[in-house]
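Quantities reported herein were computed from a predicted structural model and do not represent experimental measurements.
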Amino acid sequence: MSAGRPLTKAERKKFNRAEHERKIKQDLIAQHGNELGTFYAWLRVVNIRGTQASREGDTAFIREVVLALQNVYSRHNG
C-alpha cells in the first residue's frame, strides 16, 4: 500500500477510487456470474471513460471501444 509513509491526499483518493471500483466489480460478478459480471464491470468503466473522452473531444478512444465491441460481437455471433 505505502512505502512506510502515510499516503498523500492524491494517493489516498486514487487508492479509494480503485477500492471502490474493485468492490463494484466483485458485486457485479457475485450477482451475474464471472463472465457476465466482468463484462458489465468492463462496460461500466468504458462508459465512464467514454463520457470523459467525449467531453474532451477525444473521438479516437470512442472509435477504439466501438471496434473492440464489434470484435466481441462478431466472435460470439458468427
Task: Pair Arg49 + Glu64, salt bridge at N-O below 4.0 Å - done: no
Open item on the list: With a 4.0 Å cut-off on N to O distance, would you call Glu11 and Lys14 a salt bridge?
Closed with: no
Open item on the list: For Asn34 versus Ile29, what's the shortest heavy-atom pair and its separation?
Closed with: CA-CG2, 3.9 Å
Open item on the list: For a quick test of reading the model, state the closest non-hydrogen atom pair linking Ala53 to Phe61 and the distance between them.
Closed with: CB-CD2, 3.8 Å
To the nearest 0.5 Å, what is the distance between [atom1] on [X] and [atom2] on [Y]?
{"X": "Ile62", "Y": "Leu67", "atom1": "CD1", "atom2": "CG", "value": "12.5 Å"}
{"X": "Asp27", "Y": "His32", "atom1": "CG", "atom2": "NE2", "value": "10.0 Å"}
{"X": "Leu69", "Y": "Trp42", "atom1": "CG", "atom2": "CH2", "value": "4.0 Å"}
{"X": "Arg44", "Y": "Glu21", "atom1": "CZ", "atom2": "CD", "value": "4.5 Å"}

Task: Transitive ILVMFWY side-chain link Leu43 to Val72, under 4.5 Å - done: no
Open item on the list: Would the distance check show the side chain of Thr51 and the main-chain N or O of Asn47 forming a donor-acceptor pair, the cut-off being under 3.5 Å?
Closed with: yes
Open item on the list: If the test is side-chain hydrogen bond (donor to acceptor under 3.5 Å, both in side chains), which one of Lys23, Arg22, Arg17 qualifies with Glu19?
Closed with: Arg22
TODO: Report yes if some heavy atom in the side chain of Leu28 is under 4.5 Å from a heavy atom in the side chain of Ile24; otherwise report no.
DONE: yes
Open item on the list: Suppose we screen for side-chain contact (heavy atoms from CB on, under 4.5 Å). Which residues come up paired with Thr59, at least two apart in sequence or across chains?
Closed with: Arg63
